[in-house]
Amino acid sequence: MDLPVAEWKSYLLQKWSLLPKSIQVTVSTAETLSDVFLHSSSLLQPEDEIFLKRLSQGYSVGKDSGAPLFYREEGNKTFQEKDYTVAAVLYSKMCLKDIIRAQTHGYPERLQPKIMLRKAECLMALGRLQEARQTISDLERNFTASPTLADFPSQSVQRNLHLLKMKAQDKENLTETFPVALAKTLEGVDLREENKQLSNASSSVGLCMDPLKGRYLVATREILPGEPLVKEDAFVSVLNPGELPPLHHSLESKWDTRVTNGDLYCHRCLKHTLATVPCDGCSYAKYCSQECLQQAWKLYHRIECPLGGLLLTLGVFCHIALRLTLLVGFQDVSKIRKLCDEFSNKDIPESSNWVKTLNSGLGEIEKNGKIVETPIPGCDVNGKYESNYQAVFNLLPHTENHSPEHKFLCALCVSALCRQLEAASFQPVTTGASSSQLKAAVAPELCPDMTVWGVVMLRHMLQLQCNAQAITTILHTGSKEGIVTGSRQVRLATGIFPVISLLNHSCSPNTSVSFVSTVATIRASQRIGKGQEILHCYGPHKSRIGVAERQQKLRSQYFFDCTCPACQTETRCMAARPRWEAFCCNSCRAPMQGDDVLSCGRRGCAESVRRDHLTSRLQDLRQQVGMAQKLLSDGKLEPAIQQLSWCQHDAGSFLSAEHAVLGEIEDGLAQACAALGDWQKSATHLQNSLRVVEARHGPSSVEMGHELFKLAQIFFNGFAVPEALSTIQKAEEVLSLHCGPWDDEIQELQKMKSCLLDLTPTPVGSSV
Ligand SMILES: [Zn+2]
Ligand SMILES: [Zn+2]
Ligand SMILES: [Zn+2]
Ligand SMILES: [Zn+2]
């Protein structure tokens, strides 16, 4: 997803391996990125471009005039099956904002109102009122805009529209207007006090520089748990397309009915939306609103639009590299690049890391034509670090750490992209030529000298390996009954956040990150003393991955050896495995100890067993649990409970009570019992699962928050008022350490609370 698709990647790696040794050496020993780029791009042959073009065509993103009818039929099918989410997306895939566009796409005019009405119905059924209202008003506008339609609309369409409007009004009166509440809360969580040295950070945060570890952030005063420390909008972000194989042209798969990230979230602001507004020129880019569509078009999409398939083939990192340069514009890119060149030509001894950091980070800027050294790379003359392009440019590309073939791969992706851009700037864009907007796609500002852009894009591509930040969201997954929801974190987009990039890694961090749209908020997840370093986790967290795997991951992706306290402790006592993956004695349930052969830790118990035996038992058990979860998601509750009870029994004979798999089993049982309406049993199982989560992730972890949220839902649905209220409070406390008040779960908890408080009967005649 980040890197190019597998076929193109292996094609390039093979090309590299077939190069004459002398050329490989030239690329490997090239000192500057310019040299790497120039040497590599001269090796890109026309046949390579033809191969790439063929691959790109597999990711069909062009408009197709037959598609609307196809999507309507598919939409109708899913509508009958009451799968409103998919139906709404399919209707949106053929969403025709106006009659003129409907005609351009060869869509029968008289069918248009029906489709829009259907879409509005789906959105209503899903409770997405704002989007439903938008669709209704679009529909009404069409009636007034098109005289033929105004005469024609069948009575039934008119009547249904009227009914739908009334329904929407009713529902509206019941629910609060969410966007207003959101705007208010967003304002409310502004940082305590603005930082004068560091944009987007609170005044509790200080920027430091150390010869060994480079730039880092510290607490300038005591910080309390939950305190927001950094609130930063992504300088650039690209929606992750989701894991889908390309569509190869064949009759049955000509149009894509699969629903991915790209169909559910706005490509500009990442808002979750079912009524997307598609781009006029391609079938790939979709937006939550006309505003986002126009902004994206103005900023970057007019150049990206004809390149959709190519960008999907080259991967998200290459796409971000391009978008960055488009956002900044050629003027600024080349200015910063020029400074970089001047600097790298200067003779600087690479004796210390300090100098190395400066050298690769352009630690200076131009002032009155003179080069002035600034103490911390990325800062301006006054020593202020801002979330701007200069800061982005200064993020380390780690040129010397990447393998020669990786640099070659990135350089060839970038030069293929450059050649396409060049070609596009000389050719008028022909797709959907009826739109006046598309004529602007001819990019007059594209630089004739593509190599300048190429080198800069290559730098960005290399930077991304260590500096890309995943923008995530919590996806709520529920059984069909939707009574107890599960949740899992999914990656929505990849972005660059210059201030957040200053944070160093710890496998046991003292902060948490959450996102609203493209804005990231970093909060203290625990007390941070004055002078202590502020740390976040780059991915390998101690509660999810063992120390050896973590260290290996950090070394290969981020080029450093982690010495965080968690790594130190775990390395010191390798034998002490965490409780969430420990085995226990078959006869007395005491923890088992040892490496290849495990023996019971209780004195007097002679049990011993080979580790591989237990490992294969665990593997079998995992498979059985997987089968149970499948039953559960298919709504086969009784068989699911049977299977899970069997798994629970088996697990109890060799896994510790806090083993992660036992937690999964308890969680499944809780879901099944809740679906059957047995709230008490469900709560008991969930409390067992909660203990496992607590042992693994800690009592105030975000995972604990999600689990408490589930428990609160169960008590709420079972009308266990006092238990529900106290669990809601606990869940709120834990969740608010990690996310803001606009968070879905926190909002839901508040709704439950006010509902319960309303329900609680006022004591009447207590003297009776
Ligand atoms: Zn948007
Ligand atoms: Zn487009
Ligand atoms: Zn570590
Ligand atoms: Zn024993």
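Keep in mind it's a predicted model, so treat the numbers as computed, not measured. Whatever order the structure lists ligands and atoms in, that order sets their numbers, starting from 1. Worth knowing before you read on, the calculation uses all heavy atoms, side chains too, and leaves out hydrogens, waters and symmetry mates.
With the Zn ion (ligand 4) as the vertex, SG (Cys605) and SG (Cys600) define an angle of 100°, rounded to 10°. Atoms SG of Cys266 and SG of Cys269, as seen from the Zn ion (ligand 1), are separated by an angle of 110°, to the nearest 10°.
Backbone or side-chain N, O or S atoms of His267 do not reach the Zn ion (ligand 1) at under 2.8 Å.
A donor-acceptor distance shorter than 3.5 angstrom exists from the side chain of Arg302 to the backbone of Lys298, with no hydrogens or angles considered.
One finds the NE2 atom of His319 at 11.0 Å from the CG atom of Leu324 (value rounded to the nearest 0.5 Å).
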**Item:** Residue pair Asp233, Thr518: steps toward the side-chain hydrogen bond (donor to acceptor under 3.5 Å, both in side chains) verdict
**Value:** CA-CA 6 Å; Asp233 194 3; Thr518 53; 2.6 Å; yes
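In plain terms, the two heavy atoms of Pro228 and Arg523 that are nearest each other are CA-CG, 4.1 Å.
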